[in-house]
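The next block holds one structure in the form of structure tokens; read it before the comments.
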Amino acid sequence: MPSDTNPDGDMFGGWIVSQMDLAAYIHVRNLTPERLVTVAIDNLSFQKPVFVGDCLTCYAVIEKIGRTSLTIKITAMVERKISREVELVTEGSFVFVAIGEDRKPVPLPRFQ
Ligand SMILES: CC(C)(COP(=O)(O)OP(=O)(O)OC[C@H]1O[C@@H](n2cnc3c(N)ncnc32)[C@H](O)[C@@H]1OP(=O)(O)O)[C@@H](O)C(=O)NCCC(=O)NCCS
């Protein structure tokens, strides 16, 4: 939407990253009863611009499960409004940490 653009009229990178962060969170939120917070975003690259009217879709894959952390790779694709062409626009790995009520990291459940 036009409200999500930067001053030059392209989609604001922060808005795109926000959608990717949400997608990563939704992908793993049911893996632990604890709260999950984003601690890092690695290897973020904006490869092509996103324009008003494009349809953004985020694909999530778990890259790594640590003791208290989960790393999820997000690939963001768009379908262009007029041409309907589908293109990869942004990639990045989002690291979440499970935290307890004291806000300190807590171990994830053991996954078989
Ligand atoms: C998340 C937080 C509790 C982690 O505290 P911390 O003292 O760094 O924790 P630790 O050093 O014990 O690391 C915990 C895990 O996070 C991982 N981690 C910490 N910093 C990292 C970074 N920059 N990149 C990748 N992984 C990282 C560690 O490798 C460890 O993983 P593991 O247990 O699976 O091996 C703390 O950094 C914090 O509260 N950050 C703010 C979170 C926030 O507000 N996010 C935005 C809104 S959701």
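Both ligands and their constituent atoms are indexed starting at 1 by order of listing.
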State plainly whether the residues Arg80 and Glu85 are in salt-bridge range, i.e. N to O under 4.0 Å.
no

Quick check: does any side chain N or O of Asp102 sit under 3.5 Å from a backbone N or O of Lys104, one acting as donor and the other as acceptor?
yes

Under the rule for side-chain contact (heavy atoms from CB on, under 4.5 Å), what residues qualify as partners of Asp21, not counting sequence neighbours?
Thr38, Phe94, Phe96

Collect the protein residues that have a non-hydrogen atom under 4.0 Å from ligand 1 and hand them over in chain and number order.
Val37, Thr38, Val39, Ala40, Gly66, Arg67, Thr68, Ser69, Val95, Val97, Ile99, Arg103, Pro105

Exactly one of Thr5, Asn6, Asp4 clears side chain to side chain contact (heavy atoms under 4.5 Å, CB included) with Trp15, and that residue is Asp4

Less than 4.0 Å between a side-chain N and a carboxylate O, is that true for Glu63 and Lys73?
no

Do Arg35 and Arg103 have side chains that get closer than 4.5 Å, going by heavy atoms?
yes

